[in-house]
Every structure is written in structure tokens, then in C-alpha cells.
**Student:** 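Here it is: the structure, laid out below.
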Amino acid sequence: MMITTTMLEDEVYESVNENGNKLTIDMREKDLKQHQSPVEVLLSAVAACGAVDIVSILKKRRKTIQTFVIETGGIRQDSAPRYFTNIHCKYILQSPDATEDEVRKAAALSLEKYCSVASSLKATITFEAEVIR
């Protein structure tokens with residue numbers, strides 16, 4: 001898997017995957033911001049990755065999903081690097097036949113076993129640098 005990220009302007013970047021799908025990342029001040037920041041994208045990715053697993057698990061159990069909303073919040077360390085010290089996902093499911101216990105179990109399975117994004121937060125990150133003149 002490869003993503004290419006290019007600076008569009010100061011504090012605004014565009015990431016493109018191998019299929020050409022684009023994501024704009026915006027690190028400007030709140031009143032100028034038009035897109036999510038990198039840490040907001042990370043929270044969105046945790047929410048979406050978990051949601052896909054949870055829906056899959058519940059559908060395999062033949063549960064009906066009418067609506068599904070995920071509210072994801074994070075607490076960050078005060079000093080640099082301002083990494084997340086805690087991430088909390090609240091899963092709000094409307095269903096005539098699923099129980100809270102079933103959703104909790106599906107969420108635990110997702111976040112502890114299946115979600116690639118949550119597991120990637122434990123990854124070792126390496127780098128290299130190149131300057132073209």
C-alpha cells in the first residue's frame with residue numbers, strides 16, 4: 001500500500017492512494033480550516049475501521065442496523081509530541097434486534113483484534129530523507 005502526500009500550500013496537503021482517491025489534510029487555524037487535521041483524520045480512521053468490523057459482526061449475527069453513529073474523542077498529551085493518551089469511541093446504534101451487550105462485544109473484538117488502524121497505533125515508524133537540487 002502506498003500513499004503520496006504533496007504540499008498544496010503552507011499547512012495544507014493532499015494525500016493520494018494508488019487508485020487516485022484524494023484526501024485533503026488541513027493544519028491551519030480553526031477559522032481558516034476547511035478539512036480535517038492529521039490527528040482528526042486519525043480519529044476518523046479509528047472510528048471508521050471499528051465501525052466496518054462492528055457492522056460486519058452484527059450482520060453475521062443477523063442483526064438489523066437502521067442507523068449507526070460513532071462519536072470519537074481523544075485526549076492528547078499537553079507537550080510535544082501531542083500524541084493521544086486516550087481515545088474513546090461511543091457507538092450509537094439504532095436496531096430493533098441488537099442489544100447493547102452485542103454491540104459492546106463486537107466493538108471489543110474490533111478494537112482489540114480486527115481493526116488495522118487501532119493496531120497500527122502500536123507500529124514502529126521508520127523514515128528516510130532525500131533532497132533534490
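Since this is a predicted model, take the numbers as computed values, not measurements.
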**Student:** Quick check for you: to the nearest 0.5 Å, what is the distance between K90 atom NZ and E71 atom CD?
**Tutor:**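 Answer rounded to 0.5 Å: 5.5 Å.
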**Student:** To the nearest 0.5 Å, tell me how far E102 CD sits from I57 CD1.
**Tutor:**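 Reported to 0.5 Å precision, the distance equals 11.5 Å.
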**Student:** Surrounding CD of E100 (heavy atoms of other residues, nucleotides or ligands, distance under 6.0 Å), is the total greater than 12?
**Tutor:**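 No, the 6.0 Å shell around CD holds no more than 12 heavy atoms from other groups.
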**Student:** Which residue pairs satisfy the side chain to side chain donor-acceptor pair (under 3.5 Å) criterion with at least one member in residues 1-12, sequence neighbours excluded?
**Tutor:**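 Passing the test, one end in residues 1-12: T5-S15.
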**Student:** Taking all non-hydrogen atoms of both residues into account, name the closest pair between D97 and R62 and its distance.
**Tutor:**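 Here D97 and R62 meet closest at OD2-O, 3.7 Å.
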**Student:** State whether the number of non-hydrogen atoms from other residues, nucleotides or ligands found under 6.0 Å of N86 atom CG is greater than 12.
**Tutor:**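 Yes, CG of N86 has more than 12 neighbouring heavy atoms, counting only those of other groups under 6.0 Å.
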**Student:** Any side-chain to backbone donor/acceptor pair from N19 onto N21? Under 3.5 Å, distance only.
**Tutor:**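 Pair absent, no side-chain N/O of N19 close to backbone of N21.
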**Student:** Give me the atom names and distance for the closest heavy-atom approach of C115 to V46.
**Tutor:**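 Taking C115 first and V46 second, the nearest heavy atoms are SG-O, 4.4 Å.
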**Student:** Consider only side-chain heavy atoms of I, L, V, M, F, W and Y, link residues closer than 4.5 Å, and tell whether F84 and L121 are in one cluster.
**Tutor:**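 F84 clusters together with L121.
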**Student:** Quick one: closest heavy-atom pair of I25 and S37, and the distance?
**Tutor:**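 That would be CG2-C, 4.1 Å.
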**Student:** Evaluate the side-chain proximity of I54 to I70: yes if any heavy-atom separation is below 4.5 Å, no if none is.
**Tutor:**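 Sidechains of I54 and I70: no contact.
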**Student:** What pair of heavy atoms forms the shortest contact from G74 to L43, and how long is it?
**Tutor:**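 Distance-wise, the nearest heavy atoms are N-CD1, 4.0 Å.
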**Student:** Report, as yes or no, whether the 6.0 Å neighbourhood of atom NZ on K59 holds more than 12 heavy atoms from other residues, nucleotides or ligands.
**Tutor:**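 No.
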**Student:** Of all residues at least two apart in sequence or in a different chain, which pass the salt bridge (charged side-chain N to carboxylate O under 4.0 Å, His left out) check with D53?
**Tutor:**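 Salt bridge (charged side-chain N to carboxylate O under 4.0 Å, His left out) list for D53, sorted by chain: empty.
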**Student:** According to a hydrophobic-cluster definition based on side-chain heavy atoms being under 4.5 Å apart (Ile, Leu, Val, Met, Phe, Trp, Tyr only), do L111 and V55 belong together?
**Tutor:**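 Shared cluster, yes.
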**Student:** Identify the heavy atoms of E14 and V16 that sit nearest to each other, and give their distance.
**Tutor:**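 Distance-wise, the nearest heavy atoms are OE1-CG2, 3.9 Å.
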**Student:** Tell me whether Y91 shares a hydrophobic cluster with I65, the cluster being built from Ile, Leu, Val, Met, Phe, Trp, Tyr side chains joined at under 4.5 Å.
**Tutor:**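 Result: yes, single cluster for both.
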**Student:** In terms of hydrophobic clusters joined by side-chain contacts under 4.5 Å, are M7 and M27 together?
**Tutor:**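 Linked within one cluster.
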**Student:** Evaluate whether atom NZ of K63 has more than 12 neighbouring non-hydrogen atoms of other residues, nucleotides or ligands under 6.0 angstrom away.
**Tutor:**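 Count over threshold, so yes.
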**Student:** Do side-chain atoms of R76 reach the backbone of Y83 as a donor and acceptor pair under 3.5 angstrom?
**Tutor:**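 Answer holds: no.
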**Student:** State whether the side chain of S44 and the backbone N or O of E40 hold a donor-acceptor pair below 3.5 Å, judged by distance alone.
**Tutor:**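 Yes: the side chain of S44 pairs with the backbone of E40.
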**Student:** Could you check if a side-chain atom of L93 sits within less than 4.5 angstrom of a side-chain atom of L58, using non-hydrogen atoms only?
**Tutor:**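 L93 vs L58: side chains touch.
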**Student:** Distance from T24 atom OG1 to L8 atom CG, nearest 0.5 Å?
**Tutor:**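 Here the interatomic distance stands at 6.5 Å.
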**Student:** What's the shortest heavy-atom distance between S110 and G50, and which atoms?
**Tutor:**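 Scanning both residues completely, I find the closest heavy atoms to be OG-CA, 3.2 Å.
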